[in-house]
Amino acid sequence: MAESSTTTRQPMRYLSGVQSSGRLHLGNYFGAVQHHINLQTQGECLYFIANYHSLTTIHDGEQLRKFTFDIAADYLALGLDPQHALLFRQSDIPAVTELSWILSSVTGMGLLERAHSYKDKLTKGIVPNVGLFTYPILMAADILIYQSDKVPVGMDQVQHVEMARDIAGYFNQQFQKTVFKLPETLLSSTPKVVGLTGGKMSKSDDKSVLPILGDSSEIKKRIMSIVTDSKGVHDPKDPDQNPIFLLYQLLATPVEVQEMRAGFEHGGLGYGEAKQRLFLKMEEIFGGSIRTRRAELEKHPDWVEDVLVESAKKADLIARATMEQVYQVTGLRSWKIK
Ligand code: AMP
């Protein structure tokens, strides 16, 4: 007679982080944050504010604290519900840096030297510190310590998630035990959002950034400063090379997008008018109730802090369970410590 078996399916665990090195921008939102918020009812979600990562570029305690608060408050204003998802500070789980060292002991230099994001930063003339070079190992520790199944990120992070997978594989193989799950990347439908200057929108290039919850005069000023060519209102223009159109199509309805496309392609729509439409869409989507909620949170930093602290306590339990296995297989811990 066949044995009846009852299997309980574990919920999918999603893990992602955002650096606290500036306000959330439209690239963060459409590449990652909107996706994070949508996933919060579909599994177990852990989102952290990557302040250890930000420390590679920000060396001002007050500023790092402020950016950390801003990212947390932005997430909450945009709809992250702490009843459904954890939102915590990376540095509140110090075992992450401990694991990072342990993982660095099984990671070859060659793997890090192939990192596109590191090579891009060198090309931009950034003088790297060691933290910037070993960033993918810290990110691997972030992902692996929580035994994450899926990592919802933008395109620029795909290689780093693959590295986390590789590092998990090396570790499991070296110590002959499957301690870490192999995580998978999850991309949103818009994983690479263009910046105001035509390249990728990125916190490391302030001119490229369109903040989503800044004050409306700053948002307007940034949109109005998008550099365009000298084509007049009636000249045909290529919408697909144009950040105004590319950003507008993320926000507007299909009919509105089609109208802007036609106006550019056939002439009749000038850059000034198109910028105004983009600004009004930003206001329609991120102004109103989201801006009001964000202003409320600004007045209640204690509440935001409580969310971070309480979430960290729960994330810490998961991290500790993983670290127990790590101590066990590596032989790092005294056998007298239970
Ligand atoms: P960061 O601000 O670099 O910590 O990025 C936080 C998240 O936003 C990561 O998942 C990134 O991949 C994503 N992201 C950042 N910039 C963009 C962009 N321009 N387009 C799409 N996703 C982005």
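Every number for a ligand or one of its atoms is a count from 1 in the order of the listing. Since this is a predicted model, take the numbers as computed values, not measurements.
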Is the charged tip of K237 near the ring of Y271: under 6.0 Å from the six-membered ring centre and within 45° of its axis? yes
Can we say [X] and [Y] salt-bridge, meaning some charged N sits less than 4.0 Å from an Asp/Glu carboxylate O?
X: R165; Y: E162; value: no
X: R65; Y: E62; value: yes
X: K192; Y: D156; value: no

For residues 176-185, which side-chain donor-acceptor pairs fall under 3.5 Å, sequence neighbours excluded?
residue	atom	partner	partner atom	Å
K181	NZ	D149	OD1	2.9
E184	OE1	K150	NZ	2.9

Are F30 and L80 connected into the same hydrophobic cluster when the rule is that any two of I, L, V, M, F, W, Y join if their side-chain heavy atoms are below 4.5 Å apart? yes
May I have the N/O to N/O pairs between ligand 1 and the protein that fall below 3.5 Å, each with atom names and distance to one decimal?
residue	atom	partner	partner atom	Å
ligand 1	2 (O)	N28	ND2	3.0
ligand 1	2 (O)	K203	NZ	2.4
ligand 1	4 (O)	Q19	N	2.8
ligand 1	5 (O)	N28	ND2	3.4
ligand 1	8 (O)	N28	ND2	3.1
ligand 1	10 (O)	G154	N	3.1
ligand 1	12 (O)	G154	N	2.8
ligand 1	12 (O)	D156	OD1	2.4
ligand 1	16 (N)	M201	O	3.4
ligand 1	19 (N)	V193	O	3.0
ligand 1	19 (N)	M201	O	2.8
ligand 1	20 (N)	V193	N	2.8
ligand 1	22 (N)	G27	O	3.2

